[in-house]
Trainee: 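Pasting a structure below so you can have a look.
Predicted model, so just to flag it, every value in this text is computed and none were measured. Atoms considered below: every heavy atom in the structure, side chains included; atoms not considered: hydrogens, waters and symmetry mates.
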Amino acid sequence: GAVTTGNNITSAEGTIATGALTISGDVIVSTTNQAITIGGAVEATNSGNDALTLAAGSAATSVTGAIGATTPLESLTVNGSGAVTLTSIGGGSSGVAGATTVSGSSGGITLNGGTYNTTGAQSYTGNVGVGADTTFTTDNGNLTFSGTFNGVVAARAITISIGTGDVLFSNTVGNAI
């Protein structure tokens, strides 16, 4: 079911919430190489003031709902070398007020939703695959991809809107984009 917490969560089992996760304050969710799965949306209690860190070591991290679509987080950090799957950040407005840092350095990063909207910079470390036509938006923050960038199954349209920020692709942008 849904989980609401203002405390850090350390789990030996992996799955954190089969439904939504609502955080209050700065929350770290960590495992020792066990998958982190959040089966719904992730929301802050205090708009733009609650930070979330997900740290699964070498295991996978998956969030199946939108992050900050109703109430934005202060920042989002996904640490680890395992595969990362995200559905979306924000929507019509920013889902994260500060920086978003996502690392799936060995397992890769799959972005299945169409919107990744933050106020601050976005940084993706690992090969990125997009599963839908996708829009990346920042309010003058940089957008950085340090791995390859491809469509997951088919060619996808990519829209980037970052104001005065910079875009950096430091590896191959595939032919499926």
Side-chain angles (χ1 to χ4, degrees), residues 28-31 33 35-38 41-44 48 50-69 72-177:
I28 299 171
V29 177
S30 62
T31 69
N33 302 321
I36 292 176
T37 302
I38 300 170
V42 175
E43 300 291 347
D50 301 331
L52 179 62
T53 298
L54 303 173
S58 62
T61 300
S62 176
V63 180
T64 62
I67 297 171
L73 282 62
E74 174 184 11
S75 64
L76 173 66
T77 302
V78 181
N79 283 330
S81 59
V84 175
T85 303
L86 301 177
T87 300
S88 66
I89 298 174
S93 61
S94 173
V96 177
T100 297
T101 305
V102 179
S103 177
S105 57
S106 294
I109 301 165
T110 302
L111 304 176
N112 281 330
T115 301
Y116 295 85
N117 186 346
T118 65
T119 301
Q122 296 179 39
S123 175
Y124 299 90
T125 301
N127 295 334
V128 173
V130 292
D133 292 348
T134 303
T135 299
F136 295 95
T137 304
T138 71
D139 290 350
N140 302 321
N142 294 337
L143 179 61
T144 305
F145 298 95
S146 66
T148 61
F149 189 91
N150 286 292
V152 173
V153 176
R156 301 295 180 189
I158 303 299
T159 303
I160 296 174
S161 176
I162 58 166
T164 60
D166 292 324
V167 177
L168 173 63
F169 291 95
S170 60
N171 209 315
T172 305
V173 175
N175 59 3
I177 298 297

Trainee: Checking Asn79 now: which residues fulfil side chain to side chain contact (heavy atoms under 4.5 Å, CB included) with it, not counting sequence neighbours?
Mentor: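 Scan of Asn79 (side chain to side chain contact (heavy atoms under 4.5 Å, CB included), adjacent residues dropped) gives Thr53, Ala55, Thr77.
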
Trainee: Between Thr125 and Phe145, is a side-chain contact (heavy atoms from CB on, under 4.5 Å) present by the stated rule, with each step listed?
Mentor: CA-CA 6 Å; Thr125 301; Phe145 298 95; over 6 Å; no

Trainee: Mind checking what makes side chain to side chain donor-acceptor pair (under 3.5 Å) contact with Tyr124, not counting sequence neighbours?
Mentor: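 Gln122.
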
Trainee: Apply side-chain contact (heavy atoms from CB on, under 4.5 Å) to the pair Leu73 and Ile67, showing each step before the final yes or no.
Mentor: CA-CA 8 Å; Leu73 282 62; Ile67 297 171; 4.1 Å; yes

Trainee: Does any non-hydrogen side-chain atom of Leu143 lie less than 4.5 Å from one of Ile160?
Mentor: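 Heavy-atom side-chain distance check passes, below 4.5 Å.
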
Trainee: For a quick test of your reading: what N or O donor-acceptor pairs under 3.5 Å do the side chains of residues 83-104 make, sequence neighbours left out?
Mentor:
unit_1 : atom_1 : unit_2 : atom_2 : d
Thr87  : OG1    : Val63  : O      : 3.0
Thr87  : OG1    : Thr64  : O      : 2.9
Ser94  : OG     : Val96  : N      : 3.4
Ser94  : OG     : Val96  : O      : 2.8
Ser94  : OG     : Thr119 : N      : 2.9
Ser94  : OG     : Thr119 : OG1    : 3.0
Ser103 : OG     : Gly80  : O      : 3.1

Trainee: Test your reading of the model: is there a side-chain donor-acceptor pair from Thr172 to the backbone of Gly174, 3.5 Å cut-off?
Mentor: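 Such a contact is absent between Thr172 side chain and Gly174 backbone.
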
Trainee: Rounded to the nearest 0.5 Å, what separation is found between the CG atom of Leu111 and the CD1 atom of Ile158?
Mentor: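 Going from CG on Leu111 over to CD1 on Ile158, the span is 8.5 Å.
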
Trainee: Quick one: closest heavy-atom pair of Arg156 and Gly151, and the distance?
Mentor: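 Here Arg156 and Gly151 meet closest at CG-CA, 4.1 Å.
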
Trainee: Show, in sequence, the C-alpha distance, side-chain angles and deciding distance for Leu54 and Ile38, and conclude whether the side-chain contact (heavy atoms from CB on, under 4.5 Å) test is met.
Mentor: CA-CA 10 Å; Leu54 303 173; Ile38 300 170; 4.0 Å; yes

Trainee: For the residue pair Ile109 and Asn127, establish whether any side-chain heavy-atom pair is separated by less than 4.5 Å.
Mentor: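 Answer no - side chains too far apart.
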
Trainee: May I have all residue pairs that pass side chain to side chain donor-acceptor pair (under 3.5 Å) and include part of residues 128-146, sequence neighbours excluded?
Mentor: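 Sorted result for residues 128-146: Asn140-Thr164.
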
Trainee: How would you list, by chain and number, every residue that makes a side chain to side chain contact (heavy atoms under 4.5 Å, CB included) with Ser106, sequence neighbours excluded?
Mentor: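 Residues passing side chain to side chain contact (heavy atoms under 4.5 Å, CB included) with Ser106: Ser81.
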
Trainee: Tell me the ring pair (Phe, Tyr, Trp, His ring centres under 6.0 Å) pairs involving residues 96-122, sequence neighbours left out?
Mentor: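 Applying ring pair (Phe, Tyr, Trp, His ring centres under 6.0 Å) to every pair that reaches into residues 96-122, excluding sequence neighbours, yields Tyr116-Phe136.
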
